[in-house]
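Shown next, in structure tokens, is the structure this report addresses.
What you see is a predicted model; the values in this text were computed from it and never measured.
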Amino acid sequence: MSKTTQAPKALRGVGNFIDDRFHLAKTGEKNLRKVFPNHWSFMLGEIALYSFIILLLTGVFLTLWFKPSMVEVIYDGSYERLQGVPMSEAYASTLYIDFEVRGGFLVRQIHHWSALIFVASLVVHMLRVFFTGAFRKPREINWLIGVAIFVLAMLEGLFGYSLPDDLPSGMGVRILQGVMLALPLVGPYISMFLFGGEFPGEDIITRLYMLHVLAIPALLLGLIVAHIMILWHQKHTQYPGKGHTDKTVVGTPMFPAFAVKAGGFFFFTFAVTAGLSAFVQVNPIHLFGPFTPTSITSGLQPDWYMGFMEGSLRIFPNWFDLTLFGYAIPTAVLVPGLVVPGLVFGGLAAWPFVEQWITGDKRAHNVVDRPRNAPTRTGVGAAGVTFYGVLWLAGANDILSETFSIDLYLTTYIFRVLAIVGPIVAFLVAKRICLGLQRRDRETLEHGYESGTIQQLPSGEFIEVHKRNSEETAHVLKSKPTITSTALADDADVDDKGVENPEARKGTGKIRRALAHWYTKDNVPFDDVEEHSGHHLHHSAPEGEKEAAH
Amino acid sequence: MKWITARRRHPLAGYVVVILALALFGVGYAALAPTADQARAQTLAADAPSQDDVDVLEGKEVFDQTCATCHNYDGSGTANGPDIRGVGPAAVNFQVSTGRMPSMDPDSQMPRKPMAMSEQDLQNLIAYYNAEIRTDDLGPDIPYDVPDEAPDRSEFEDEAAYEAAVEEYQTEYEAYIEGAEDTDMGMRLYLTNCAHCHGWSGGGGALTDGRWAPEIHAASPRQIYEAMVSGPGAMPMFSDGVIEPEEKQELISYVKTLQSEPDAGGIFALERVGQVAEGFIAWVVGLSLIIACAIWITAKQRAHD
């Protein structure tokens with residue numbers, strides 16, 4: 001039997017035809033064999049990609065009937081309850097999609113659920129990258145692209161939410177306008193420019209429509225393509241494991257194994273989204289009714305990804321509002337509306353560079369950190385998640401207040417305190433948990449793992465048999481990096497000729513050293529650990545049981 | 001039993017026990033907890049009861065026993081309860097028929113409860129209120145032409161009489177709801193005046209200082225009307241001069257039509273809570289299921305065992 005199996009002649013013919021013209025065989029083979037590490041957390045970004053594809057497809061379907069126009073019409077469609085009600089053409093055409101287009105209601109719900117899942121998967125993917133340190137060199141640029149995708153996805157969602165011109169749409173746009181107006185000096189001009197006059201005007205839906213279906217998706221698509229091409233070029237990160245190094249990737253080849261998995265995963269993502277859309281009502285615009293500037297309702301929120309902005313608006317106090325030269329400076333809107341998102345997204349974008357500055361680590365990393373092995377980073381991440389989460393919850397404070405019968409004002413005070421105390425506590429707790437896990441790792445490395453088997457020794461003593469770690473486990477545990485910073489090195493203050501480094505004496509140098517100390521000080525050392533060396537006499541099985549002896 | 005014994009040390013056993021315990025308590029609580037919102041009154045929407053049907057003396061007895069402790073024997077109020085001589089019978093009917101009065105705790109907002117007395121007692125009480133307590137016919141009258149709650153089976157001796165009453169009630173209810181034709185007016189009135197507390201769906205909402213705007217789905221059209229004209233609790237009063245009776249009919253019709261509107265988007269409507277519930281489901285059901293699948297398709301043998 002020959003070792004090489006030849007493709008059928010028909011395929012070979014086509015293959016040769018293409019290869020003679022485009023010389024694809026070599027590139028194709030290389031890329032089809034590309035290796036993808038096997039771990040569920042590496043699939044999170046794919047959920048976002050697939051949701052985006054679903055959004056593009058369903059979005060195209062919706063544009064076939066949606067009319068981005070604020071011209072007032074009297075509704076006479078098939079939704080009986082609203083017949084005779086004056087409304088914008090945008091709202092009427094959305095009702096048309098819901099009730100007259102075959103499958104329109106389902107597709108609109110798929111579009112909405114998919115948007116919610118899209119941003120959620122972005123967040124989870126981003127958290128995975130953050131907590132594993134996968135943003136480190138050489139991937140800082142891709143991290144920045146990711147942050148940009150996140151911001152654009154939020155805007156895209158906000159504008160899409162505003163298009164049907166139903167009650168929540170109008171309220172969302174009104175809040176957006178309020179934040180714009182709070183900008184000193186330029187605020188009113190920006191608002192008048194965007195709305196083409198006073199709120200609500202007659203242009204805003206048309207303009208948001210252009211942004212929602214053309215400008216932002218084009219940007220998103222470009223950034224997503226760049227994100228994936230950079231990933232392709234730089235190759236995937238991988239978790240520590242046997243044979244996993246900064247120079248070798250271990251995993252499944254693109255074709256056929258990974259392609260089948262990824263293809264199947266697309267259909268699963270689509271199935272869950274479609275299943276939700278078929279059974280769970282989302283954004284029932286026909287129940288809300290059309291927006292009028294006098295309409296206002298309690299208990300309505302923006303979609304979840306805007307929740308943290310809503311929350312910061314709700315809990316930020318008005319104690320700092322001031323008037324300068326006769327102009328009001330509404331800090332109670334400015335700070336939560338601009339400074340808080342600036343902190344969240346600015347902090348995300350800056351972190352890789354801040355961390356690199358603190359540690360002075362300029363090496364390329366293709367093997368990611370286990371979160372426990374970078375306790376300070378994990379603590380910072382936990383603090384960020386908590387801050388975001390508290391603001392997000394605060395955005396639903398009226399729903400929480402009503403559902404759990406808590407005084408509405410009390411929730412505001414609770415969230416104000418939590419927004420400050422929560423991140424600090426989360427940092428400390430997360431860091432302690434990391435260090436605890438490091439200690440357990442150290443113990444496992446020294447003693448092997450607890451087998452759950454209890455044995456009685458001839459002396460009457462009971463022991464639990466510890467078994468030898470698998471090679472894989474031992475490798476993972478041993479590969480824990482020691483976190484250091486060049487700022488703390490012995491020769492950081494003097495150069496190789498013994499001359500004092502002027503940088504180290506400056507303020508930034510001092511800050512850097514302090515941060516480096518903070519970043520590296522807590523760490524369980526693994527240097528002196530000898531594998532399977534601990535508790536020889538006490539925890540090993542009696543002689544004769546070879547597999548358990550160590 | 002052996003099946004359980006063999007698996008009691010399974011890594012997931014602890015979680016299973018916790019989930020079962022939580023489910024047991026959750027379901028148990030849901031089954032046993034008192035449902036404060038299930039109120040039922042028994043009047044048929046009809047004209048004012050004639051003098052022959054009511055007994056003012058019995059009404060006085062009810063008043064002295066259940067109301068006078070706080071509102072005083074002449075309705076002039078005490079430290080615990082306000083003067084009710086000028087509130088009008090609509091207020092009395094609203095407060096008592098929704099079970100808010102008599103109140104257990106005058107210092108806190110009263111939730112909707114089943115009515116504390118029989119329908120006949122309420123009629124007698126109102127007759128007594130009108131005859132002896134009310135000053136100078138102050139306050140709004142009961143809107144007898146607006147339909148009240150559906151008849152209750154226990155008030156009727158035989159099935160035929162009950163069914164006849166239900167039919168009569170439904171005819172009247174539908175005539176009132178469908179008599180309103182201007183959805184736009186009803187919607188604008190509701191969304192301008194009511195929705196910022198009771199919510200767009202009538203599901204209620206949180207208010208300042210620990211108060212809340214109740215859900216209005218259980219309220220009958222007459223109770224909604226009475227709430228508007230009497231302004232109970234923190235609610236402003238919308239007299240018939242501010243919102244005319246025909247406009248009130250449009251408004252009530254809007255609320256009730258929206259309430260009975262089927263949820264076209266799916267069998268799970270999330271109580272019409274809206275975006276907070278949707279975001280919760282997107283994370284807890286949608287994204288979690290997809291991630292579970294990712295874990296499934298990338299699963300491999302664990303390193304240890």
Relative to chain B, which of A:Thr297, A:Asp407, A:Ile47, A:Leu400 shows the most heavy atom pairs under 4.5 Å? A:Thr297
Other residues, nucleotides, ligands: >12 heavy atoms within 6.0 Å of A:Lys261 NZ: yes
Max heavy-atom pair count under 4.5 Å with chain B, selected residue of A:Leu116, A:Val282, A:Asp398: A:Val282
Mind ranking B:Gly279, B:Gly266, B:Ala269 by heavy-atom pairs under 4.5 Å with chain A and telling me who comes out on top? B:Gly266
Does any backbone or side-chain atom of B:Arg211 lie under 4.5 Å from a heavy atom of chain A? Answer side chain, backbone, both or neither. neither
Got more than 12 heavy atoms from elsewhere within 6.0 Å of CD, B:Gln259? yes
May I ask you to check whether A:His286 and A:Phe99 place their ring centers less than 6.0 Å from one another? yes
Portion of A:Val119 that has a non-hydrogen atom of chain B nearer than 4.5 angstrom: neither
Answer yes or no: are there more than 12 heavy-atom neighbours, outside A:Glu72 itself, under 6.0 Å from its atom CD? yes
B:Arg272 portion near chain A, given a 4.5 angstrom heavy-atom threshold: side chain
Most heavy-atom pairs under 4.5 Å with chain B, out of A:Gly307, A:Gly289, A:Pro86, belong to A:Pro86
With only heavy atoms counted, which part of A:Ser277 is less than 4.5 Å from chain B, the side chain, the backbone, both or neither? backbone
Quick check on A:Pro168 against chain B: is it the side chain, the backbone, both or neither that has a heavy atom closer than 4.5 Å? side chain
Give the minimum heavy-atom separation between A:Leu276 and B:Gly286, together with the two atoms involved. CD1-CA, 3.8 Å
Heavy-atom distances under 4.5 Å only: say whether B:Trp283 touches chain A with side chain, backbone, both or neither. side chain
Is B:Asp182 close to chain A through its backbone or its side chain, or both, or neither, when contacts mean heavy atoms under 4.5 Å? neither
Counting heavy-atom pairs under 4.5 Å with chain A, the top scorer among B:Cys194, B:Gly199, B:Gly274 is B:Gly199
As an exercise: rank B:Asn193, B:Thr208, B:Val285 by heavy-atom pairs under 4.5 Å with chain A and give me the winner. B:Thr208
Where does A:Ala278 contact chain B at under 4.5 Å (heavy atoms): side chain, backbone, both or neither? backbone
At a heavy-atom distance under 4.5 Å, which candidate from B:Trp212, B:Trp296, B:Tyr254 has the highest pair count against chain A? B:Tyr254
Distance in Å, A:Asp303 CG paired with A:Met154 CE, rounded so as to fall on 0.5 Å steps: 11.0 Å
Among the listed options B:Asp263, B:Val273, B:Leu289, B:Thr192, the residue most often paired with chain A at heavy-atom distances under 4.5 Å: B:Asp263
Taking the six-membered ring for Trp, are A:Phe42 and A:His236 parallel (under 30°), tilted (30 to 60°) or perpendicular (over 60°)? tilted
Over 60° means perpendicular and under 30° means parallel, so tell me whether A:Trp392 and A:Trp304 are parallel, tilted or perpendicular. tilted
Is the A:Phe270 ring parallel, tilted or perpendicular to the A:Phe266 ring (thresholds 30°, 60°)? parallel
Test: A:Arg108 cationic atom under 6.0 Å from A:Phe105 six-membered ring centre, within 45° of axis: yes
Using non-hydrogen atoms and a 4.5 Å limit, figure out which bit of A:Phe258 sits close to chain B: side chain, backbone, both or neither. neither
Could you look at A:Ile399 and say if it's the side chain, the backbone, both or neither that has a heavy atom under 4.5 Å from chain B? side chain
Carboxylate-amine/guanidinium proximity below 4.0 Å for B:Glu244 and B:Lys248: no
Closest-packed option against chain B by number of heavy-atom pairs under 4.5 Å, given A:Met43, A:Met87, A:Gln281: A:Gln281
With only heavy atoms counted, which part of B:Ala277 is less than 4.5 Å from chain A, the side chain, the backbone, both or neither? neither
For B:Glu261, is it the side chain, the backbone, both or neither that has a heavy atom under 4.5 Å from a heavy atom of chain A? side chain
If you count heavy-atom pairs within less than 4.5 Å of chain A, which of B:Val276, B:Leu207, B:Thr257 leads? B:Val276
Given heavy-atom pairs under 4.5 angstrom as the criterion, report whether the side chain, backbone, both or neither of B:Leu270 touches chain A. side chain
With a 6.0 Å cut-off on ring centres, are B:Tyr169 and B:Tyr173 close enough? yes
Under the side-chain hydrogen bond (donor to acceptor under 3.5 Å, both in side chains) rule, what do B:Arg188 and B:Tyr190 come out as? Steps first, then yes or no, please. CA-CA 5 Å; B:Arg188 275 176 195 250; B:Tyr190 182 78; over 6 Å; no
Rounded at 0.5 Å granularity, tell me how far CZ in A:Phe288 sits from OG in A:Ser295. 13.0 Å
Examine whether an atom of A:Val280 lies under 4.5 Å from a heavy atom of chain B, and if so say whether it belongs to the side chain, the backbone or both; otherwise answer neither. both
Is A:Leu300 in contact with chain B via its backbone, its side chain, both, or neither, using a 4.5 Å heavy-atom distance? both
Return the minimal non-hydrogen interatomic distance between A:Tyr161 and B:Gln275, and the atom names on each side. OH-NE2, 3.0 Å
Turns out that what part of A:Leu287 lies under 4.5 Å from chain B's heavy atoms comes down to both
When the 4.5 angstrom heavy-atom criterion is applied to A:Thr269 and chain B, the contacting part is both
Rounded to the nearest 0.5 Å, the CD1 atom of B:Ile243 sits from the CZ atom of B:Phe238 at a distance of 5.5 Å
